[in-house]
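Sharing a structure with you now.
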Amino acid sequence: MTSIEQNSSASPQESVLAIINSKAPFSSSHGKDALDVALIFAAFEQKVSLFFQGDGVYQLMDKQDGSLLGIKDYLKTFSAFEFYDIEDIYVCQPSLASRQLDEDFHIDDVQVLSSIEFGLALNRHQHVLRF
Amino acid sequence: MTSIEQNSSASPQESVLAIINSKAPFSSSHGKDALDVALIFAAFEQKVSLFFQGDGVYQLMDKQDGSLLGIKDYLKTFSAFEFYDIEDIYVCQPSLASRQLDEDFHIDDVQVLSSIEFGLALNRHQHVLRF
Amino acid sequence: MKTLAVVITTPPYSHLTITALTYVEAALVAGINVIGVFFYQDGVMHANENISIASDEYQAIEHWQRLQKQYQLPLHICITAAEKRGIACDAIDNDKINKAFTVSGLGELVELTTKASRLVQF
Amino acid sequence: MKTLAVVITTPPYSHLTITALTYVEAALVAGINVIGVFFYQDGVMHANENISIASDEYQAIEHWQRLQKQYQLPLHICITAAEKRGIACDAIDNDKINKAFTVSGLGELVELTTKASRLVQF
Amino acid sequence: MSTLHLIRQSAFASNDFAQCLSVLDHRDSVVLMDDGCYNLKHSLMDSLIKRVGSVNINIIASHAQARAIEIITAVNTIEISDVVELTFTHNKVITWQ
Amino acid sequence: MSTLHLIRQSAFASNDFAQCLSVLDHRDSVVLMDDGCYNLKHSLMDSLIKRVGSVNINIIASHAQARAIEIITAVNTIEISDVVELTFTHNKVITWQ
């Protein structure tokens with residue numbers, strides 16, 4: 001979707017934190033815990049990027065509805081990323097492909113990257129947390 | 001190692017509980033939690049069988065030494081199985097093979113079974129817990 | 001008579017617990033005799049009286065309390081697992097444990113297992 | 001100056017915590033400036049004053065206390081994660097929290113992350 | 001002796017589903033629930049689907065719908081209350097989580 | 001920009017090691033620790049071993065020995081204190097657990 005060159009020109013400086021989301025959204029609280037960290041960094045005006053890999057890509061898929069499970073659907077908060085200036089959202093293309101998922105996300109401006117691009121994007125961050 | 005026929009003749013009646021061990025021994029407490037359940041059933045003179053599958057097979061491997069990690073090595077308690085009349089200990093052969101493990105166990109009388117035999121042995125139990 | 005015993009190993013803040021609760025309630029509604037629920041491993045966290053889950057999140061502990069009250073459903077927590085998680089401590093009857101739960105040993109799991117026609121783990 | 005911040009997400013009864021403790025102690029012994037340890041998710045369970053681990057098991061909490069005392073190592077627990085696990089409750093200064101730990105918010109993690117030259121998660 | 005298998009984990013993340021399939025007997029039933037619903041799109045599912053008729057495959061409707069997973073016709077759509085019924089029409093239950 | 005990757009899970013049980021390998025860059029280093037030590041016998045290891053020279057592979061001696069895992073020569077045997085050193089000879093650390 002977006003080439004590395006565009007990414008580099010869009011954010012030439014190193015961001016302080018990359019968060020890798022690796023878990024599916026509803027059965028564990030990892031996704032919510034990662035979101036809380038992302039929002040607090042943004043609130044403190046620290047540049048944070050979100051990476052979705054493995055089962056973490058399920059967090060981005062459109063037409064989900066956690067309320068059917070009786071839970072508060074934290075995925076709806078993803079729509080606040082723009083407000084919080086969380087602009088760099090990367091998803092691993094091979095993770096989508098192996099799960100037979102289309103690039104059909106519930107938020108805009110998600111950048112679908114190959115494994116190599118995904119790794120290079122991670123490299124542009126000073127610190128990495130993984131949930 | 002042991003054929004189904006032998007198993008059947010050894011324990012023709014249905015055992016009350018099968019415990020499937022599916023986790024490696026040291027990083028999580030699942031193995032210890034499963035052992036505690038097995039020993040209490042035995043203490044109450046209820047017939048319990050132990051099944052080792054997936055990473056659970058690592059619990060049986062010889063020459064391990066948890067004390068090197070600074071932890072109390074609960075695997076040593078496996079030697080008490082005989083005293084507790086826990087006699088039916090089954091390990092999944094394909095799980096050993098995929099992990100390149102020999103049939104080299106730290107306790108005696110472990111029965112190495114094919115997937116089909118493993119499933120049939122499970123079937124001879126009234127209840128199943130998995131850790 | 002259809003008798004059921006249930007083992008819970010997930011904590012109250014795990015959404016997996018909602019599935020377990022829905023299952024147990026459905027069994028009770030269907031008239032199944034649920035002879036007891038045994039909380040083991042992280043499941044014992046349900047009995048921690050001090051847990052505070054945000055009010056807009058699912059209240060698993062309240063749900064267990066409701067089932068206990070409405071159906072006289074016995075809820076047992078494993079004392080060894082509870083002590084490791086800072087709940088049961090020394091006193092059997094203390095203010096750290098939610099009153100809907102009974103502090104038991106693993107012997108209770110043996111009792112439930114041998115009595116129940118089905119044992120289901122969540 | 002080499003500065004290090006550490007995030008702990010595993011509970012005291014997980015053996016994975018021993019690896020984390022060994023790492024942090026090795027860093028302190030090597031003269032690294034460990035500016036703080038932030039306990040998140042199940043890591044906050046370390047601050048539960050009522051936890052009782054069998055005496056022949058590894059005493060992770062005591063080990064953290066020792067490092068805190070010997071090296072003035074700041075140990076922060078995330079209050080939101082703690083409340084979900086029945087620890088922090090309402091009062092900031094209460095008898096449920098081990099005194100070696102400071103109740104903090106996620107803001108403290110931001111502080112540590114921006115100040116540290118390396119951030120390591122366990 | 002038939003067994004009801006409750007599948008609660010994604011086969012893309014963990015090995016549990018594969019372990020279940022390795023001991024699955026004819027007359028057994030499988031319920032995909034929680035993150036186990038994702039397995040509908042896993043390659044391990046193909047071999048399971050081929051056994052429909054011998055093995056009964058079910059999925060919890062709300063669990064699949066919450067995850068935006070499209071249900072296929074080879075799989076029965078059920079509710080949690082149906083799992084209670086299946087519990088007693090099989091001899092035992094194994095939970096793979 | 002080099003990264004130190006800490007591998008703490010068995011690749012036989014979870015997908016984390018595969019995810020790490022998919023982003024692994026030359027000049028990066030890998031440390032097998034805790035249950036990550038089991039990965040020495042996993043088929044994913046073969047492709048990693050082929051990259052030795054570009055990628056540096058390490059294993060915590062006590063963690064491998066406790067698990068009765070035989071160490072192979074392509075892998076450096078280290079202690080936890082060496083991980084502290086590696087932390088600062090690389091630009092960042094990612095923990096795969």
Side-chain angles (χ1 to χ4, degrees), chain A residues 11 13-56 59 66 70-74 77 80-81 84-86 88 121-131, chain D residues 1-11 14 16-17 19-20 23-24 27 32-47 74 76-88 102-122:
Chain A
S11 52
Q13 87 285 22
E14 200 184 67
S15 284
V16 66
L17 182 69
I19 297 177
I20 306 177
N21 288 281
S22 67
K23 304 284 189 301
F26 300 128
S27 287
S28 86
S29 54
H30 282 87
K32 174 64 162 64
D33 293 338
L35 176 68
D36 287 348
V37 171
L39 295 183
I40 201 88
F41 270 77
F44 278 74
E45 296 187 343
Q46 295 297 325
K47 215 157 164 39
V48 59
S49 306
L50 298 179
F51 290 75
F52 293 87
Q53 189 187 23
D55 273 8
Q59 294 185 26
I71 66 179
K72 189 186 164 194
D73 193 347
Y74 75 94
T77 314
F81 287 162
Y84 277 99
D85 290 327
I86 299 175
D88 298 319
L122 262 179
N123 249 338
R124 290 195 302 275
H125 295 76
Q126 201 192 336
H127 301 300
V128 182
L129 289 175
R130 183 169 179 273
F131 292 99
Chain D
M1 177 94 194
K2 291 175 179 173
T3 55
L4 176 70
V6 176
V7 175
I8 302 288
T9 61
T10 52
S14 160
L16 289 170
T17 303
T19 304
Y23 174 86
V24 171
I32 308 287
N33 181 9
V34 186
I35 60 171
V37 180
F38 190 83
F39 295 83
Y40 193 47
Q41 299 185 309
D42 281 347
V44 300
M45 296 285 283
H46 282 93
H76 301 277
I77 65 161
C78 171
I79 183 156
T80 321
E83 281 176 341
K84 272 173 69 173
R85 290 163 181 83
I87 306 167
T102 309
V103 178
S104 304
L106 277 171
E108 187 63 43
L109 177 61
V110 181
E111 187 90 8
L112 291 172
T113 304
T114 49
K115 276 188 185 158
S117 45
R118 294 293 180 279
L119 176 71
V120 179
Q121 178 185 17
F122 283 101

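The shown structure was predicted, so the numbers you read here are calculated from the model rather than taken from an experiment. Letters A, B, ... are given to chains in the order of the sequence lines, protein chains preceding strands, and every chain is numbered from 1.
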Original post:
Considering only heavy atoms, which portion of Val110(D) lies under 4.5 Å from any heavy atom of chain A: side chain, backbone, both, or neither?
Top reply: both
Subject >> Least distance between heavy atoms, Leu109(D) atom then Phe41(A) atom >> reply: O-CZ, 4.0 Å
Original post:
Listed by chain and number, what are the side chain to side chain contact (heavy atoms under 4.5 Å, CB included) partners of Ala27(D), not counting sequence neighbours?
Top reply: Leu4(D), Ile32(D), Val34(D), Val84(F)
Original post:
Under a 4.5 Å heavy-atom cutoff, which of Leu129(A), Val128(A), Val48(A) has the most pairs with chain D?
Top reply: Leu129(A)
Which N or O donor-acceptor pairs, by atom type, sit under 3.5 Å across chain A and chain D?
{"unit_1": "Asp33(A)", "atom_1": "O", "unit_2": "Tyr40(D)", "atom_2": "OH", "d": "2.7"}
{"unit_1": "Asp33(A)", "atom_1": "OD2", "unit_2": "Gln41(D)", "atom_2": "NE2", "d": "2.9"}
{"unit_1": "His127(A)", "atom_1": "ND1", "unit_2": "Leu119(D)", "atom_2": "N", "d": "3.4"}
{"unit_1": "His127(A)", "atom_1": "NE2", "unit_2": "Thr113(D)", "atom_2": "O", "d": "3.0"}
{"unit_1": "His127(A)", "atom_1": "NE2", "unit_2": "Ala116(D)", "atom_2": "O", "d": "3.2"}
{"unit_1": "Arg130(A)", "atom_1": "N", "unit_2": "Gln121(D)", "atom_2": "OE1", "d": "2.9"}
{"unit_1": "Arg130(A)", "atom_1": "O", "unit_2": "Gln121(D)", "atom_2": "NE2", "d": "2.8"}

**OP:** Using non-hydrogen atoms and a 4.5 Å limit, figure out which bit of Ile40(A) sits close to chain D: side chain, backbone, both or neither.
**Re:** both
Original post:
Between Leu17(A), Val37(A), Val16(A), which shows the greatest number of heavy-atom pairs under 4.5 Å with chain D?
Top reply: Val37(A)
